[in-house]
Amino acid sequence: MAAISGVRAVAGALLRAQGRGAWRTLSASAAPQQTLRSQTEKHEGLFKVTMLPGDGVGPELMHSVKEVFKAAGVPVEFDEHHLSEVQNMASEEKLDEVVDSMKESKVAIIGKIHTPMEYKGELASYDMRLRRKLDLFANVVHVNSLPGFKTRHNNLDLVIIREQTEGEYSSLEHESVKGVIECLKIITRDKSQRIAKFAFDYATKKGRSKVTAVHKANIMKLGDGLFLQCCEEVAELYPKIKFDTMIIDNCCMQLVQNPHQFDVLVMPNLYGNIIDNLAAGLVGGAGVVPGESYSAEYAVFEMGARHPFAQAVGRNIANPTAMLLSAANMLRHLNLEYHSNVISDAVKRVIKVGKVRTRDMGGYSTTSDFIKSVTDNLHPHYSV
């Protein structure tokens, strides 16, 4: 028993030592706020933020963000770049330009960079390559019911944390013999421990009580078995946080039947992608759920369920709620608390009143109508 305790103590010390490095503040923001402030704040008082409009309705949603930021007097300057495989605006040079911008700004807001299904000699999409270059290992999606907007399940408040640099998205596929494709799923101890510790740090900082590790270790005994083992080891270092596990297929059913049982969920890459979308559907769909991704240095703000919504391009019907709430979260990350609250409160007020809603929320309003209503609801704050 003494030997086992000694091993656990050493393991705990190693994890805590690692925690002082790359992931020291990832539970709320990816880099120390004072460093972030000095690196992003310009002499004239503006914060530089990298912007990638992306594909589909992404450019329209980014225009909405700019309009609201302008109306709210947000001290942010966007460094805009266009990276798109479907619009023939993707190259190593453009990817490097985005990375260089991120090295300076440390913060980005991005739309969905669509990934074509056709294989053209490169397995990794530019979206995946960008995330790997920035080591955006943790994707966080806070699924929260919007007051005044009723869905099948109301008063939901759960967080999905997804490891997004390995797993099934490792871009390792080959044809071993004619008609047989092998697609490799990569699970490593280092990255599994890293995302597990991120999840428990997040739960601790946000005052949450439970972390659920989602897996398929009953079938993928070695790969998901390692992920599950790492989560269990990290959980021992956080005795105040309840820990449980759930198989991915059961998790999908439980989310539909009784989502209130969940608090923070942590999982490998593919499962996280699926659960993000399922959970977004519980509270209104892709148009209302914000998301964010973190590395040790960078923070990227985006939609929680990544859809280009290409069929809506140019029709002025896209719902800007998710992107505006994500932009508000970005401002909070930059310590611009006042502007963050002004914008998020205005968006939620418009939804709660219910007079202006886009089609996906059961209304008939346009994107422009929604943005005008949001900007109108910013004004009461200026008169205080």
Side-chain angles (χ1 to χ4, degrees), residues 11-12 14-31 127-128 130-143 158-171 184-206 208 210-217 220 222-238 241-248 251 262-277 279 291-302 304 306:
L14 286 171
L15 281 172
R16 285 190 290 272
Q18 287 175 310
R20 287 193 290 270
W23 49 48
R24 57 187 175 273
T25 56
L26 285 172
S27 54
S29 59
D127 181 44
M128 292 166 61
L130 175 62
R131 293 174 190 276
R132 287 177 191 166
K133 279 180 176 284
L134 300 176
D135 193 28
L136 295 170
F137 71 90
N139 177 242
V140 180
V141 176
H142 186 185
V143 179
L158 57 96
V159 178
I160 301 159
I161 296 177
R162 162 193 178 191
E163 204 294 323
Q164 62 175 3
T165 60
E166 57 176 13
E168 297 84 356
Y169 292 22
S170 299
S171 303
L184 303 183
K185 170 178 176 174
I186 306 300
I187 298 290
T188 63
R189 174 172 291 276
D190 286 347
K191 291 189 175 182
S192 296
Q193 286 183 335
R194 180 169 68 166
I195 196 65
K197 190 171 191 307
F198 180 99
F200 278 92
D201 282 346
Y202 183 98
T204 301
K205 182 138 188 160
K206 300 294 184 179
R208 292 182 172 267
K210 183 173 74 169
V211 172
T212 300
V214 180
H215 65 94
K216 193 64 177 173
M220 287 171 274
L222 297 181
D224 279 24
L226 176 59
F227 176 82
L228 188 58
Q229 179 187 350
C230 291
C231 289
E232 291 170 344
E233 291 172 356
V234 172
E236 292 185 4
L237 305 176
Y238 297 81
I241 303 294
K242 183 180 178 182
F243 174 69
D244 64 1
T245 67
M246 189 171 291
I247 294 174
I248 177 63
C251 181
F262 296 106
D263 193 352
V264 175
L265 300 93
V266 61
M267 61 201 74
N269 209 335
L270 177 61
Y271 309 155
N273 194 357
I274 295 169
I275 295 297
D276 282 347
N277 284 266
E292 51 219 55
S293 294
Y294 295 108
S295 73
E297 291 186 76
Y298 308 110
V300 171
F301 296 83
E302 56 194 335
R306 304 166 192 161

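Salt-bridge annotation for Lys216 and Asp224: absent, with no side-chain N of the basic residue lying under 4.0 Å from a carboxylate O of the acidic one. With salt bridges taken as basic N to acidic carboxylate O contacts below 4.0 Å, none links Arg194 and Glu166.
Counting only N and O atoms by type, the side chains of Arg132 and Ser170 include no donor and acceptor under 3.5 Å apart. Of the N and O atoms on the side chains of Asp201 and Tyr238, at least one donor lies less than 3.5 Å from an acceptor on the other residue. Side-chain polar atoms of Gln164 and Ser293 form a donor-acceptor pair below 3.5 angstrom.
Within the 4.5 Å cutoff, no side-chain heavy atoms of Pro268 are placed close to those of Glu163. Within the 4.5 Å cutoff, the side chain of Glu232 has heavy atoms near those of the Leu228 side chain. Cys231 has its side chain out of reach of Thr245: every pair of non-hydrogen atoms, C-beta onward, lies at least 4.5 Å apart. Residues Leu226 and Arg189 are in side-chain contact: their nearest non-hydrogen atoms beyond the backbone lie under 4.5 Å apart. Side chains of Tyr271 and Arg162 form no contact here, defined as non-hydrogen atoms less than 4.5 Å apart. Tyr202 places none of its side-chain heavy atoms less than 4.5 Å from the side chain of Val266.
Ala199 and Val211 make their closest contact through O-CG2, 4.2 Å (heavy atoms, listed as atom of the first residue, atom of the second, distance). Across Ser192 and Ile195, no two heavy atoms sit closer than the pair O-CG2, 3.3 Å. Residue Asn269 comes nearest to Gly167 through the heavy atom pair CB-CA, 4.5 Å, listed as atom of the first residue, atom of the second, then distance. Heavy-atom minimum distance, Ile187 versus Gly223: CG2-O, 3.3 Å. Counting all heavy atoms, side chain and backbone alike, Ala296 lies closest to Phe137 at N-CE2, 4.4 Å. Closest of all the heavy-atom pairs between Leu158 and Ala279 is CD1-CB, 4.5 Å.
The ring pair (Phe, Tyr, Trp, His ring centres under 6.0 Å) check on Tyr169 picks up nothing, with sequence neighbours excluded. Under the rule for a salt bridge (charged side-chain N to carboxylate O under 4.0 Å, His left out), the partners of Arg131 that lie at least two apart in sequence or sit in another chain are Asp127, Glu302.
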Open item on the list: Does Lys197 form a salt bridge (charged side-chain N to carboxylate O under 4.0 Å, His left out) with Glu233? I'd like the steps, not just the answer.
Closed with: CA-CA 10 Å; Lys197 190 171 191 307; Glu233 291 172 356; over 6 Å; no
TODO: Begin with the C-alpha distance, continue with both residues' side-chain angles, and end with the deciding distance and a verdict on side chain to side chain contact (heavy atoms under 4.5 Å, CB included) for Lys210 and Asp244.
DONE: CA-CA 8 Å; Lys210 183 173 74 169; Asp244 64 1; 3.8 Å; yes
Open item on the list: Could you go through Val159 and Leu265, starting from their C-alpha distance and side-chain angles, then the distance that decides it, and tell me whether this counts as side chain to side chain contact (heavy atoms under 4.5 Å, CB included)?
Closed with: CA-CA 6 Å; Val159 178; Leu265 300 93; over 6 Å; no
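To the nearest 0.5 angstrom, Leu237 atom CG is 9.5 Å from Gln193 atom CD. With rounding to the nearest 0.5 angstrom, the CE atom of Met267 is 10.0 Å from the CD1 atom of Ile274. Between atom CD1 of residue Ile160 and atom CG of residue Asp276 there is a gap of 5.0 Å, rounded to the nearest 0.5 Å. Atom-to-atom distance recorded for Met220:CE and Phe227:CZ is 12.0 Å, nearest 0.5 angstrom. From Thr212, atom OG1 reaches atom CD1 of Ile161 across 11.0 Å, with rounding to the nearest 0.5 Å. In this structure, CG in Leu136 is found 13.0 Å from CE in Met128, a value given to the nearest 0.5 Å.
Ring geometry for Phe200 versus Phe243: interplanar angle of 30 to 60°, hence tilted.
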